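Taking it in order: structure first as structure tokens, then the write-up.
Quick caveat, the model's predicted, so the values are computed rather than measured. Letters go in sequence order (proteins before strands), and every chain restarts at 1.
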Protein chains: 2
Amino acid sequence: MARLPVYLRALNSMSDAGTTTCSSLELATAAGVNSAKLRKDLSHLGSYGTRGVGYDVAYLRYQISREIGLTQDWPVVVVGIGNLGHALANYSGFSSRGFRTVALLDADESRHGEVVAGLEIRPFEDLKQVVADHGVGIGVIATPAIAAQAVADRMVECGIRSVLNFAPTILSVPEGVDVRRVDLSSELQILAYHEQRKNSTLSTPVEDVS
Amino acid sequence: MARLPVYLRALNSMSDAGTTTCSSLELATAAGVNSAKLRKDLSHLGSYGTRGVGYDVAYLRYQISREIGLTQDWPVVVVGIGNLGHALANYSGFSSRGFRTVALLDADESRHGEVVAGLEIRPFEDLKQVVADHGVGIGVIATPAIAAQAVADRMVECGIRSVLNFAPTILSVPEGVDVRRVDLSSELQILAYHEQRKNSTLSTPVEDVS
DNA sequence: CTGTATTTGTTCCCGAGTTCACAAACTCTT
DNA sequence: AAGAGTTTGTGAACTCGGGAACAAATACAG
């Protein structure tokens, strides 16, 4: 489920705040969802709550971490070290919590050897070697849109089966490969769409009446 | 609809490639959706296709742009100019297509006056002034998680009703304010979840039999 | 030990969104 | 001009996820 990471984050906050136990309603409001939905989600992982009491924060946190797979180590390779790739390499949320950036690759020769976030930028051709050396299963694409499909194809060839794509393109990949797309300008466009509708419904009541 | 930006992107690609007309099937496969769904989505905007022919790329592109609101200008303010905020300020996908970054704000005094992407970093206290001067309706939060809620509260006070949140927190905002969350590590966790399930189902057929 | 209050796990129901399938409308060839 | 071939728009069935409500289970007070 896509909501598990949100629950986990809420649990971490509670744990930091010293909370040792919590009800489904508390956790649900912290995560911004309905309590029934939360309970149903958690019941899919097993019965980790106690009726009349609630959930043990630490225990539930461990169980969700295990379910997501955060108890193991996930090596990650980032391709395309432009502004965004640079930010991703430095992003602490990646390095913490089970994810470990093991290599930064870029096609631009002039940037090879440059050190970002403690890692040397290497040529894109090294991908196969990197995958073999570190057992990488997750690839992050932060290249321009025009290069993204070629990078994805090469990643699949090298055995990567999970791709996080920041380039504004729809990638076509074979069956069995997962792609998640994060499109910054799409998000803005969706906001603009709603913003526009807010304004029009507020400012044109006359048209609705006519 | 959240799919409109994807359609628009596919149409732009076609337009760049010189395609002047396209069928619903072509556009649907380019966007990665079912053709019936695409037709139904487009029919909500009006009847812009011709039966037996398809859609006129340029015309449909304009209509979708208008529907999303990209024909008008959307001033955007970015708060939190760390690694990510830096990347966002430089991201060309923001500046093009109707969005215009009008101000960069940061609470860290030592960074005030620094120029990023042609804009000077200003103190967070300037938010109200910025909103008043430029009529900003969209705010982007790229601060650490701990500061995000306070920034959001202040944004709402200043009249911003659309927020794009990159901080790993659930923001609570009043009715009528839209928040879209982009959580980079959540995306990775979801990939890890699926990756783990791929591996376990491949390597433990024995357990399934027993 | 018994009854009451609390909270989880689960069942049922409903509505939104998706897909199928087909009629209406248009083009092109003969 | 007429029929064959396309392609859109949409009505109807279906699927899936969400929310309300309730029973089972636990804690606690008297």
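Taking a 4.0 Å limit (strictly below) on heavy-atom distances, residues 21-44 of chain A reaches DNA chain C at A:S23, A:S24, A:R39, A:K40, A:S43. Taking a 4.0 Å limit (strictly below) on heavy-atom distances, residues 48-69 of chain B reaches DNA chain D at B:Y48, B:G49, B:T50, B:R51, B:G52, B:V53, B:G54, B:Y55. Contacts with DNA chain C (heavy atom under 4.0 Å) in residues 171-178 of chain A: none are found.
Between A:R66 and A:Y62, the side chains place no donor N or O within less than 3.5 Å of an acceptor N or O (distance only, hydrogens not considered).
Checked options B:L171, B:V156, B:I160; the residue passing with B:V177 is B:V156 (criterion: side-chain contact (heavy atoms from CB on, under 4.5 Å)).
Looking at residues two or more places apart in sequence or on another chain, you find a ring-ring contact (aromatic ring centres under 6.0 Å, His included) between A:Y48 and A:Y59. Remark: B:F124 engages no residue in a ring-ring contact (aromatic ring centres under 6.0 Å, His included) (not counting sequence neighbours).
Between A:R100 and A:D73 there is a salt bridge, with a side-chain nitrogen of the basic residue lying less than 4.0 Å from a carboxylate oxygen of the acidic one.
Distance check, rounded to the nearest 0.5 Å: CZ of B:R122 to CG of B:D106 gives 13.0 Å. Here the straight-line distance linking atom OG of A:S186 with atom CZ of B:R180 works out to 9.0 Å at 0.5 Å rounding.
Side-chain atoms of B:K40 do not come within 3.5 Å of backbone N or O of B:S35 as any donor-acceptor pair.
Heavy-atom contacts of chain B under 4.0 Å fall on DNA chain C between two terminal nucleotides, which in 5' to 3' order are C:dT18 to C:dT27.
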